[in-house]
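Letters go in sequence order (proteins before strands), and every chain restarts at 1. Keep in mind the model is a prediction, meaning the values are calculated, not measured.
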2 protein chains.
Amino acid sequence: MSQQSAQRKGRPPRISRAEIIETAGRIVDAEGVDRLTMRRLAKEIGSTPMALYHHVRDKEQLLVLLLDDYAARNLHRPDLPDDPRERVVVVAAAIRRTLAACPWIVEVLTADDLMSEAALWFVEQIMDGLVACGLTADEAVHAYRAIWYYTAGEMIVRAAGERRRADGDRPTYRERVFADADAAELPRVAGVASRWAELTAEDTYLDGLRALVDGLLAAPASPTARAASRRSRS
Amino acid sequence: MSQQSAQRKGRPPRISRAEIIETAGRIVDAEGVDRLTMRRLAKEIGSTPMALYHHVRDKEQLLVLLLDDYAARNLHRPDLPDDPRERVVVVAAAIRRTLAACPWIVEVLTADDLMSEAALWFVEQIMDGLVACGLTADEAVHAYRAIWYYTAGEMIVRAAGERRRADGDRPTYRERVFADADAAELPRVAGVASRWAELTAEDTYLDGLRALVDGLLAAPASPTARAASRRSRS
DNA sequence: ACCTGAACACCGTTCAAGT
DNA sequence: ACCTGAACACCGTTCAAGT
């Protein structure tokens, strides 16, 4: 535990995990996440690729560490409204606003859950709001997860859409599929086909979030019905 | 070979897109998506990497094509209940059941929307159910998107969790973070910390889906309020 | 304990040429 | 039109050795 006095063993470190994360963050901010490679990072830091492996397990862990660092510095706690339901919405929206500003989260999201220390306060507020609205602790966990699924999905799908729009105006595959939609067989789809891109470009995260939270908090099925549905799942 | 018969233009193709997709599907099924490389695929097919680029634009498109093919063959249309709200739930659950069975969708989901021809019928049914419950066409598109965000997010987060569980029982980062949760500051989180893994391993997709659909169809804000919220977004 | 060099076993894609 | 060979510009990670 007392490492400043006892430098007796081995050679002193030249690079630190903090330095690795900081440099990695700079590369990612400046050039995007797929320009971050262990070799490139080592060069930037003035070391060799293998030196990095003494401080992080592998590239995947580095990415998770990077997002934790980002969350710790950018996840600002919002003012909490009194109404517990509104608290849930406001806190979820705060998570999403911060993470959506960081276009490479998708890479990490698909590698691991975001569950940094900095995020725990947000989870706490969401769960507390849900419990204050009448959910049990277990129900609150499941409801929180549903909110997280919706939030993560929105960010990922939106990021994919933006990437698609970014690299070239080549007529997207989806547009061709829609154009082929038969109005007789698929009237609803055909009816909005021409406006699909425009409609799905709108940011409706908040509307959907409110609907989800309302639904999660609406008078649920009776306890017996819930128990039955739980049984049928296992 | 004998090319003197039908030499209208150029040389006859040795390989086809269909053959590429079929072989790629075999590799992915047998060994997982990250064993699918253009070089490996070419070898398997008895050709060279560059021959593939005459039939698909790049690896990303190949993956999208592969998922479309999977969807076309596995997305079976469910019986439609009479109740339009239940129709929405049943159809969304059918999409999710099929896609969740295919662990590599995440790679495609983050590259592009799934929007194959085979999926259009499902989109149609969901939109039709939503409209039958009173939504306008535009609202139905947004509601469909919310359902898709939730569904995609659930599949991606679940897949990440399974991958994490699969490769080694190393104590996940998340578990350590939870163990450190201060019961005084974060009572709700600390209260379920020990059961978090167990609770989040439960499949609650359907419960969350029902909550979301209920919320989306519940008496929405008045038309004027909706118009105001639309204005404030743009 | 920490770092290095060399090597392993690969990638996706471009280019110019052949048939 | 379709395919090939060679090359470009890389990867993440392991291993054995050095300090």
For A:R188, which of B:D128, B:V141, B:I126 qualifies under side-chain contact (heavy atoms from CB on, under 4.5 Å)? B:D128
To the nearest Å, how far apart are [X] [atom1] and [N] [atom2]?
X     : N      : atom1 : atom2 : answer
B:L41 : C:dC10 : CG    : C1'   : 16 Å
B:M38 : D:dC3  : CE    : C1'   : 14 Å
B:D58 : C:dG12 : CG    : C1'   : 9 Å
A:K43 : D:dC11 : NZ    : C1'   : 13 Å
B:L62 : C:dC11 : CG    : C1'   : 15 Å
A:H55 : D:dT13 : NE2   : P     : 16 Å
A:Y53 : C:dC8  : OH    : P     : 18 Å
A:D34 : C:dC11 : CG    : C1'   : 14 Å

The side chain of A:R14 is closest to which nucleotide in this list: C:dC3, C:dT13, C:dA6?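 The answer is C:dC3, which lies nearest to the side chain.
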Nearest to side-chain heavy atoms of A:M50, which nucleotide of C:dC3, D:dT4, D:dT13: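 Nearest to the side-chain atoms of A:M50, counting from C-beta on, is D:dT13.
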Could you tell me which nucleotide pairs with C:dA16 by Watson-Crick or G-U wobble geometry, both distances under 3.5 Å, or answer none if nothing does?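 Because both required distances fall under 3.5 Å, C:dA16 counts as paired with D:dT4.
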Mate of D:dC11 across any strand shown (Watson-Crick or G-U wobble, both atom pairs under 3.5 Å) is none
Taking only N and O in the side chain of A:T37, is any of them less than 4.0 Å away from OP1 or OP2 of D:dC10?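 False: A:T37 side-chain N/O out of range (4.0 Å or more) of D:dC10 OP1/OP2.
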Quick one: is C:dT4 close enough that its OP1 or OP2 comes under 4.0 Å of any side-chain N or O from A:H54? no
Could you tell me whether B:R145 and A:E202 make a salt bridge, using a distance below 4.0 angstrom between a side-chain N and a carboxylate O?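 No, this pair does not count.
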Want to settle it: does B:I15 or B:R39 sit nearer the 5' end of DNA chain D, counting the closest nucleotide to each?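 The 5'-side residue here is B:I15.
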Within this structure, what is the CG-CD1 distance for the pair A:L62 and A:I20, rounded to the nearest 0.5 Å?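 Answer rounded to 0.5 Å: 7.5 Å.
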Using 30° and 60° as the class boundaries, would you call the ring planes of B:Y205 and B:Y150 parallel, tilted or perpendicular? parallel
When the P atoms of C:dC10 and D:dA9 are considered, how many whole Å apart are they?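 To the nearest whole Å, 23 Å.
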Hey, are the side chains of A:V89 and A:L206 touching, using non-hydrogen atoms and a 4.5 Å cut-off? yes
